[in-house]
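Below is one structure; the comments refer to it alone.
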Amino acid sequence: MTDPESFIRKHTRLAPAPFVPEIHLHQADEAIALWEETEGEAAGPQPPPFWAFAWAGGQAVARYVLDNPDLVAGRRVLDLAAGSGLVAIAAAQAGAAHVTAVEIDPLAVAAIAVNAAANGVTITATLADVLDTAPTDDVILAGDVFYSREMAGRMLAYLRRAAAGGARALAGDPGRAYLPKADLREVAVYEVPVVAALEDAAVKRTTVWEVMRRLPQPPPSGGSAATGATGGYREA
């Protein structure tokens, strides 16, 4: 695609995110038609246009960040599988020192840049799969990323590594089938307006989860570190 930013503007409209009206996004009205336009423009198969919608998990995390700016203020923030960049924009608005948004879809990277400009914030939008790397940011945020078994496993592993290294790691989820609740602590629950054609509902009950930091526990009395230790948790 020779001009992705023009394509995004042509096939979407700039409007407030339903649950986070402080943030405006270029949003589409219908997913299948946009997907077909994307494949036609690119002359080949393309990933679904997740970047063109404000998904429930991302809206919940963005709302939580804006209502709790101390989470990100002055910190380096990474928005994983950023889609439209909604969560990244919220972090920038809340005072993050630096925000990176990563995506594996080139059109999503272009959409993040377009949406960041529309909201007057600076975000580093990067085309990359970082899930097998070592986390380096202070805060890791993810919205609606547990939609498949493979993605859920890789995402949770990355978030666990981030928390183990001292980062705050949060994810939003509206009850997707592959949500792995182990190591997760509920921090907020919202009733989030969504696109009914995508979710089969007008509102989704959506939870923001924080990944807990696992700490080694001393062995029980009479045991040994090799045979008797159990894992414990604390808030990251």
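Inter-residue side-chain proximity for Leu80 and Val102 is flagged as met; some heavy-atom pair is nearer than 4.5 Å. The side-chain heavy atoms of Thr206 and Val194, taken from C-beta on, include no pair separated by under 4.5 Å. Put simply, the side chain of Leu131 reaches to within 4.5 Å of the side chain of Met151, judged on heavy atoms. Leu156 places none of its side-chain heavy atoms less than 4.5 Å from the side chain of Tyr178. The shortest side-chain heavy-atom distance between Gln27 and Pro18 falls under the 4.5 Å cut-off. Counting heavy atoms from C-beta outward, Leu71 and Leu170 have side chains that approach closer than 4.5 Å.
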Would you be so kind as to tabulate the donor-acceptor pairs closer than 3.5 Å made by side chains of residues 111-121, with sequence neighbours excluded?
from: Asn115; atom 1: OD1; to: His26; atom 2: N; distance (Å): 2.9
from: Asn115; atom 1: OD1; to: His26; atom 2: ND1; distance (Å): 3.0
from: Asn115; atom 1: ND2; to: Ser84; atom 2: O; distance (Å): 2.9
from: Asn115; atom 1: ND2; to: Ala111; atom 2: O; distance (Å): 3.2
from: Asn119; atom 1: OD1; to: His24; atom 2: N; distance (Å): 3.0
from: Asn119; atom 1: ND2; to: His24; atom 2: O; distance (Å): 2.6
from: Asn119; atom 1: ND2; to: Asn115; atom 2: O; distance (Å): 2.8

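Around atom CD of Glu186, more than 12 heavy atoms belonging to other residues, nucleotides or ligands sit under 6.0 Å away.
Contacts of Phe19 classified as ring-ring contact (aromatic ring centres under 6.0 Å, His included), with partners at least two apart in sequence or in another chain: Tyr190. The salt bridge (Lys or Arg N to Asp or Glu O under 4.0 Å) check on Arg205 picks up Glu191, with sequence neighbours excluded. In terms of the salt bridge (Lys or Arg N to Asp or Glu O under 4.0 Å) criterion, residue partners of Asp132 (sequence neighbours excluded) are, by chain and number, Arg154. Asp137 meets the salt bridge (Lys or Arg N to Asp or Glu O under 4.0 Å) test with no other residue; sequence neighbours excluded.
Rounded to the nearest 0.5 angstrom, Glu210 CD and Ile140 CD1 are separated by 12.0 Å. Here the CZ atom belonging to Phe146 is positioned 6.0 Å from the CG atom belonging to Leu184, to the nearest 0.5 angstrom. For the atom pair CD (Glu22) and CD1 (Ile89), the distance works out to 12.0 Å, reported to the nearest 0.5 Å. Taken from NZ in Lys204 to CG in Leu198, the straight-line distance is 11.0 Å, to the nearest 0.5 Å. To the nearest 0.5 angstrom, Leu34 atom CG is 8.0 Å from Thr12 atom OG1. To the nearest 0.5 angstrom, Met155 atom CE is 11.5 Å from Asp173 atom CG.
A tilted orientation is assigned to the rings of Phe50 and Tyr147, their planes being inclined by 30° to 60°. Between His11 and Phe7, the angle of the ring planes lies from 30° to 60°, which puts this pair in the tilted group.
In terms of modelled atom types and a separation under 3.5 Å, the side chain of Arg75 and the main chain of Asp70 share a donor-acceptor contact. Remark: the backbone N or O of Ala101 is not paired with any side-chain donor or acceptor of Asp79 at under 3.5 angstrom. One N or O on the side chain of Gln59 and one on the backbone of Pro193 form a donor-acceptor pair closer than 3.5 Å.
Residues Asp144 and Ala56 approach most closely at OD2-N, 3.4 Å, considering heavy atoms. Nearest approach of Gly172 to Val61, heavy atoms of both residues: N-CG2, 3.3 Å. Scanning all heavy atoms of the two residues, the minimum distance from Thr133 to Tyr158 falls at O-CE1, 3.6 Å. Ala54 approaches Leu25 most closely through the heavy-atom pair CB-CD1, 4.1 Å. When all heavy atoms of Val72 and Ala91 are compared, the pair lying nearest together is CG2-O, 3.8 Å. When all heavy atoms of Leu107 and Pro4 are compared, the pair lying nearest together is CD2-CB, 3.7 Å.
No continuous path of ILVMFWY side-chain contacts below 4.5 Å connects Val87 to Trp55, so the two sit in separate hydrophobic clusters. Residue Leu179 is not grouped with residue Val187 when hydrophobic side chains (ILVMFWY) are merged at heavy-atom distances under 4.5 angstrom, including chains of intermediate members. A chain of hydrophobic side-chain contacts below 4.5 Å, direct or via other Ile, Leu, Val, Met, Phe, Trp or Tyr residues, connects Ile23 to Val77. Grouping the Ile, Leu, Val, Met, Phe, Trp and Tyr side chains by contacts below 4.5 angstrom, directly or via other members, places Leu159 apart from Leu141. One hydrophobic cluster, built from ILVMFWY side chains closer than 4.5 Å, holds both Val65 and Val139.
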Requested in this report: Show your reasoning for whether side chain to side chain contact (heavy atoms under 4.5 Å, CB included) applies to Arg63 and Val208.
Outcome: CA-CA 10 Å; Arg63 180 76 274 153; Val208 178; over 6 Å; no
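Listed by first and then second residue, the ring-ring contact (aromatic ring centres under 6.0 Å, His included) pairs that reach into residues 103-137 come to none, sequence neighbours excluded.
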